[in-house]
Amino acid sequence: MASLDDPGEVREGFLCPLCLKNLQSFYQLQSHYEEEHSGEDRDVKGQIKSLVQKAKKAKNRLLKREGDDRVESGTQGYESFSYGGVDPYMWEPQELGAVRSHLSDFKKHRAARIDHYVVEVNKLIIRLEKLTAFDRTNTESAKIRAIEKSVVPWVNDQDVPFCPDCGNKFSIRNRRHHCRLCGSIMCKKCMELISLPFANKLTSASKDSLSTHTSPSQSPNSVHGSRRGSISSVSSVSSVLDEKDDDRIRCCTHCKDTLLKREQQIDEKEHTPDIVKLYEKLRLCMEKVDQKAPEYIKMAASLNAGETTYSLEHAGDLRVEVQKVYELIDALSKKILTLGLNQDPPPHPNTLRLQKMIRYSATLFVQEKLLGLMSLPTREQFEELKKKRKQEMERKRILERQAVLESQRRLEERRSDLASHAANGEVVSLRGGPAPLRKAEGWLPLSGSQGQSEDSDPLLQQIHNITSFIRQAKAAGRTDEVRTLQENLRQLQDEYDQQQTEKAIELSRRQAEEEDLQREQLQMLCEREWEREREQFRAVSLHTRTRSLDFREIRPFQLEPGREPRTHLACALDLGFSSVQSSTAVETPSPLSALEPVSVWSGPPALGQESFPQSTVLQQNELASLNPFDEEDASSPTAEGTSSPPAAEPSFGPSARSLKEYNPFEEEEEAVAGNPFANPDSPAPNPFDEEDEHPHQRPSSPPVPGNPFEEATCTNPFEMDSDSGPEGEEPIEEELLLQQIDNIKAYIFDAKQCGRLDEVEVLTENLRELKRTLAKQKGGTD
Amino acid sequence: MNVVFAVKQYISKMIEDSGPGMKVLLMDKETTGIVSMVYTQSEILQKEVYLFERIDSQNREIMKHLKAICFLRPTKENVDYLIQELRRPKYSIYFIYFSNVISKSDVKSLAEADEQEVVAEVQEFYGDYIAVNPHLFSLNILGCCQGRNWDPVQLSRTTQGLTALLLSLKKCPMIRYQLSSEAAKRLAECVKQVITKEYELFEFRRTEVPPLLLILDRCDDAITPLLNQWTYQAMVHELLGINNNRIDLSRVPGISKDLREVVLSAENDEFYANNMYLNFAEIGSNIKNLMEDFQKKKPKEQQKLESIADMKAFVENYPQFKKMSGTVSKHVTVVGELSRLVSERNLLEVSEVEQELACQNDHSSALQNVKRLLQNPKVTEFDAARLVMLYALHYERHSSNSLPGLMMDLRNKGVSEKYRKLVSAVVEYGGKRVRGSDLFSPKDAVAITKQFLKGLKGVENVYTQHQPFLHETLDHLIKGKLKENLYPYLGPSTLRDRPQDIIVFIIGGATYEEALTVYNLNRTTPGVRIVLGGTTVHNTKRQRTRQRHKQREKQAPYEEPDRGLNLRTPGSLPEPEADTQPLSHPGVPPLEF
């Protein structure tokens with residue numbers, strides 16, 4: 001409970017946990033959060049997420065614990081379940097395993113090799129260019145030879161007695177031939193010839209890609225030369241016949257090989273097979289589907305829900321469009337499948353397999369996606385859906401309005417609350433302490449019938465309402481609505497059960513508290529009416545809750561040990577229940593808010609009804625007692641109590657709480673925050689102060705400085721009890737203690753079940769103390 | 001610590017990195033198996049991988065419009081094949097991934113072969129093991145040992161597989177091994193050596209508690225693989241044999257053609273995933289539910305599709321229905337075959353006696369039961385031999401050991417020589433002399449009490465009394481109570497905390513019963529993650545084969561060697577028909593390649 005130590009600013013309402021902006025309703029907060037803070041700090045997000053989730057899934061016991069203990073302390077008991085049966089599939093997110101790249105190494109080695117290869121190829125092609133750069137047919141063979149020799153130095157005849165390729169001895173018959181590209185010698189059999197068109201193809205293709213390697217002066221020549229060459233090759237068929245090979249270039253097998261490889265590369269670069277073209281089209285269509293289909297699905301879903309965001313026609317068009325793309329995919333893939341089937345020779349089996357697989361995957365794709373396309377409602381259906389939707393929206397709007405109203409009211413209350421603090425000189429830092437008069441405004445509009453609120457539990461009402469809703473919904477045949485409503489109902493009933501128990505505890509506690517208050521009031525009077533004071537003093541001296549400093553020294557402490565643990569417990573209980581309640585409050589914000597106007601806080605300030613505010617004061621006292629410091633000033637709770645009833649007791653102030661419950665802890669903090677201030681300020685907790693306070697809260701009952709006591713005694717039904725004196729208090733305390741003991745026992749059991757041993761220890765300690773106190777008390781009363 | 005996911009991630013990464021376009025996956029024999037365990041054909045098709053080729057296949061066509069993704073083990077042959085491939089590339093561009101550490105010199109020779117600059121990527125992706133289940137892996141090595149010592153080839157393969165596993169899971173573990181096994185120690189040392197050598201690779205983010213690698217030897221628990229199992233996966237493996245998720249049903253009488261070989265993969269078969277760890281009786285009822293469910297969904301043939309809405313509903317449900325029908329017929333066939341085998345071989349009775357032999361210490365009743373079953377004509381010679389093996393292992397040193405008598409019975413029953421020889425082979429392999437710990441008699445007071453209590457309570461299920469020895473070992477390990485004198489650490493450092501991430505490796509193979517144990521331990525012990533691995537995944541037959549290896553028997557192996565996953569020929573794939581309308585096209589049963 002870090003917040004206990006934090007005396008800083010305390011605010012409540014639909015505050016954004018990140019920027020503390022105050023928002024009007026839960027819906028607004030949610031949308032604000034989604035807009036503004038999505039993607040921010042994950043921790044905080046985790047917190048709010050868990051809060052929202054908790055609110056959404058009431059008491060979902062498998063919720064993971066995130067964020068802060070305060071939020072979760074009530075549900076801790078369930079958490080251990082979520083870590084139970086660990087499924088191997090649910091292990092931690094796994095990253096990609098280790099990898100190691102050899103690419104840079106590989107490239108280094110390859111570069112060394114490739115450079116060599118590229119240089120070789122380029123050399124050959126440059127020479128080829130030179131050899132084809134002149135008009136071969138019209139040049140004398142001697143001259144040709146001279147040019148050829150100038151391109152590459154020929155190997156000396158005498159150095160090569162045998163053909164290096166086939167090993168035959170050169171002789172008059174077996175003459176030596178020189179490769180015009182590298183100058184090496186081979187026999188006629190091993191000699192290859194390069195036709196001019198082939199040479200042209202190579203040189204012209206390399207011109208672009210290898211222009212960096214070829215000197216710029218040569219490239220225009222080569223174009224020129226090649227054109228001439230090709231003409232000449234056509235015109236001089238006869239020259240082939242006379243075995244002169246003039247239009248062809250002699251070369252060795254190695255050079256020819258290299259050139260052939262090169263040619264192949266060029267071919268591949270230029271040629272795109274049909275299948276690739278079709279395949280590209282196919283992929284394009286698939287991409288289109290991937291784009292459009294989700295759009296359509298969104299539309300269709302929206303339309304089917306009766307929304308009017310999209311037009312039915314538009315959606316219909318889109319559907320047709322998507323379906324057309326599917327047909328196209330189907331047609332394309334079929335075409336791919338049948339590619340080349342009629343050719344002779346038939347394609348390689350692998351090609352066929354590839355085609356089959358493409359077709360197969362296209363079929364899969366269509367099946368998967370097309371069937372995901374939901375159908376659209378017909379026009380009539382759509383109208384009907386729209387109507388339904390409208391009703392739905394209407395209902396939602398009402399809820400929203402109520403929520404807003406509620407939050408506004410809360411704001412006002414809050415303000416009045418702060419004002420009271422300010423008046424006490426306690427929380428001056430908060431909003432500069434509005435004038436006490438404003439409180440009056442805050443209270444007046446709330447006046448309503450108080451009687452209702454007291455006799456009927458809003459939860460019960462809500463349950464009734466929902467049952468009737470269900471009946472209506474059933475009659476209307478809206479099954480999904482019925483389902484949600486039933487879910488709500490179930491939750492409410494759970495809630496109600498819980499509250500009943502809680503309320504019982506609370507009630508007894510409140511009674512005790514009330515007496516405290518009565519006594520305190522008496523004390524205030526004591527200041528003025530000194531004679532009376534002594535009587536009161538006796539009563540008060542038995543009481544632990546009096547906080548005015550004057551009495552603190554005199555206050556007997558024997559009850560203290562018993563109280564401390566109990567307050568801890570109460571604290572725990574409150575936390576637990578309040579967080580749970582917050583969830584229901586979100587589930588059914590409207591019902592609670594609907595009831596709210598009737599609820600407690602509206603009590604008209606008539607004297608006769610004063611009892612009510614008092615009871616809240618008592619509650620506040622109770623709240624204050626949650627504070628482990630247990631040092632709150634009795635006067636401040638009266639102010640706070642009106643605006644911040646204990647969250648643990650929704651039956652009484654569901655309205656205010658339904659808001660507050662989103663932030664159950666603020667309350668606590670508030671109580672706590674107030675206290676540190678209270679202490680320094682309260683050295684002179686002048687009873688007058690407190691008296692002045694009361695009027696502020698109940699503006700219609702103007703300060704009657706003379707006789708608040710009177711007023712209390714004669715009108716407040718509770719007062720009678722307390723008047724009966726301290727004797728009446730003991731049995732209640734005892735009952736309470738017993739209850740607490742039972743509760744603690746339950747808690748210990750729970751904690752044990754979940755294996756939280758440290759908690760068990762603390763609780764057992766508490767239990768022991770409680771028992772001791774009980775025994776002591778019994779001894780005292782007996 | 002999900003091995004299936006680890007491998008799958010590697011494969012996905014490869015495919016992603018190669019970008020869009022038609023692709024071919026070039027693999028070797030082993031990587032084919034590795035990939036097929038984690039990816040189904042339809043899944044991988046969606047990533048534009050249309051062809052699957054073996055690097056060693058000769059008649060691959062030049063298809064320059066395809067990109068090649070090569071996933072290969074870094075063996076000498078593969079590197080040679082790849083060099084040839086790169087000299088005359090058949091595809092436009094090559095993305096090369098090795099499943100393990102490759103030497104610098106190999107990279108160099110590859111680089112020099114790549115004259116046409118077709119290689120775009122060279123990486124090591126450590127998916128060098130067969131991921132069977134998320135927590136179970138295998139290396140598919142049979143006969144990893146010669147006698148008590150490693151076959152050096154298999155030792156290096158096992159080391160590679162194990163280090164690849166560690167790398168793929170990003171774990172740099174402390175190593176413990178079973179002291180009684182020389183093989184375990186050798187393997188531990190080899191793994192350590194690799195970790196030291198490739199220290200750069202093994203630099204992962206430190207976890208609070210370092211992971212632990214525990215290396216065990218099968219000979220410590222020769223019982224478990226000999227028992228009949230009753231969980232679905234284990235039964236299928238024991239009775240039909242699972243090989244890389246495939247089951248050969250061709251021996252089933254009257255099997256239809258398309259069910260000759262079925263695929264059981266938890267990755268995409270929901271029924272199998274949900275039921276693989278359930279026992280046979282539960283499967284029975286589940287399959288009944290499945291059937292009923294199916295019956296409900298089954299469109300009634302007679303029922304006329306009267307309205308357009310009816311037709312639409314039918315069309316929309318049809319693929320789903322078709323898929324379901326595939327699942328249903330598959331499982332019904334498998335379960336049907338299982339139950340046929342069970343009754344034919346009288347397995348329930350056999351199993352009961354097996355369990356008694358394994359778990360109880362009543363010699364006379366055990367002997368009686370074994371003898372009785374040996375007389376039963378329905379019990380196959382194989383099962384009979386198995387019973388005697390169990391008897392021999394358990395009562396090896398019993399005062400009134402009547403093994404010779406049982407051997408006589410076996411001979412009288414006509415059990416062939418090779419089976420009878422196995423009995424002594426098993427005892428030699430996993431007998432008391434070899435075992436580092438005692439399998440049968442409980443050692444400490446706690447265990448004795450446990451057994452006593454068990455005796456009092458009676459046994460819930462007579463067929464599943466046996467808990468593999470591994471359970472106890474792991475239990476102790478998790479609790480930090482595993483004795484260091486039996487399972488020492490390799491190296492000076494020891495683990496002070498309780499281990500969290502545990503990798504168990506069993507030399508000589510793991511069993512599905514042990515996989516079940518690990519699965520349950522993972523489920524019940526939060527914070528502890530265990531992965532089990534073995535040189536193979538056993539059934540009784542394989543165990544036997546391996547033991548024969550040990551004996552170095554000359555006779556031809558009874559068991560056909562592990563068939564490699566041959567890439568299917570195009571004809572064997574369910575072929576999409578060119579003229580089918582997409583709407584009415586049958587749904588896709590999960591396919592394998």
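Only a predicted model underlies this, so the values are computations on that prediction, with no experimental measurement involved.
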Take B/Gln123 and B/Asp17, measure what side chain to side chain donor-acceptor pair (under 3.5 Å) needs, and give me the verdict at the end. CA-CA 11 Å; B/Gln123 290 216 52; B/Asp17 285 355; 4.6 Å; no
I'd like to know whether B/Tyr129 forms a side chain to side chain donor-acceptor pair (under 3.5 Å) with B/Asn100, so could you lay out the CA-CA distance, the side-chain angles of the two residues, the decisive distance to 0.1 Å, and finally the verdict. CA-CA 10 Å; B/Tyr129 52 89; B/Asn100 220 316; over 6 Å; no
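Atom NE2 in A/His348 sits 5.0 Å away from atom CD in B/Glu61 (nearest 0.5 Å).
At least one side-chain heavy atom of B/Glu53 sits under 4.5 Å from a side-chain heavy atom of B/Tyr91. No side-chain heavy atom of B/Leu166 sits less than 4.5 Å from a side-chain heavy atom of B/Cys172. Using a 4.5 Å heavy-atom cutoff, the side chains of B/Phe95 and B/Lys23 are not in contact. Annotation: side chain of B/Ile478 is in contact with side chain of B/Ile530 (closest heavy-atom distance under 4.5 Å). Proximity of B/Phe52 to B/Ile44: side-chain heavy atoms (C-beta onward) are separated by under 4.5 Å at one or more points. B/Glu43 is listed as a side-chain neighbour of B/Lys8, based on a closest heavy-atom distance under 4.5 Å. Side-chain contact between A/Met299 and A/Arg319 is absent, with no heavy-atom pair separated by less than 4.5 Å. You'll find the side chain of B/Gln9 stays beyond 4.5 Å of the side chain of A/Glu95, heavy atoms only.
Open room surrounds NZ on A/Lys107; 12 or fewer heavy atoms of other groups in view lie less than 6.0 Å from it. Annotation for A/Glu120: atom CD counts as buried by contact number, over 12 foreign heavy atoms lying within 6.0 Å.
Contacts between B/Val118 and chain A at a heavy-atom distance below 4.5 Å involve the backbone alone (N, CA, C, O). Neither the backbone nor the side chain of A/Ser333 comes within less than 4.5 Å of any heavy atom in chain B. Residue A/Lys108: no heavy atom, backbone or side chain, is found under 4.5 Å from chain B. With a 4.5 Å cut-off on non-hydrogen atoms, B/Lys170 touches chain A through its side chain but not through its backbone. Residue contact with chain A, scored on non-hydrogen atoms closer than 4.5 Å, involves the side chain of B/Glu198 exclusively. Of the atoms belonging to B/Ala164, not a single heavy atom falls under 4.5 Å from chain A. B/Val24 does not touch chain A: none of its heavy atoms, backbone or side chain, sits under 4.5 Å away.
Identified by a heavy-atom distance below 4.5 Å to chain B, the contributing residues of residues 274-287 of chain A are A/Ile275, A/Val276, A/Tyr279, A/Arg283, in residue-number order. For residues 96-105 of chain A, heavy-atom neighbours of chain B at less than 4.5 Å comprise A/Leu96, A/Gly97, A/Ala98, A/Val99, A/Arg100, A/Ser101, A/His102, A/Leu103, A/Asp105, sorted by residue number.
In terms of non-hydrogen atom pairs under 4.5 Å with chain A, the most contact-rich of B/Glu117, B/Arg60, B/Gln46 is B/Glu117. Per-residue counts of heavy-atom pairs under 4.5 Å with chain A were compared for B/Leu110, B/Leu169, B/Ile96, B/Val49; the largest is that of B/Leu110. Ranked by heavy-atom pairs shorter than 4.5 Å toward chain A, the options B/Phe98, B/Phe202, B/Tyr10 are led by B/Tyr10. For the set B/Glu200, B/Glu48, B/Met63, the count of heavy-atom pairs under 4.5 angstrom toward chain A peaks at B/Glu48. Ranked by heavy-atom pairs under 4.5 Å with chain A, the first of B/Glu124, B/His65, B/Glu115 is B/Glu124.
The aromatic ring centres of B/Tyr97 and B/Phe71 sit 6.0 Å or more apart.
Under a 4.0 Å N-O distance rule, the pair B/Glu112/A/Arg110 does not qualify as a salt bridge.
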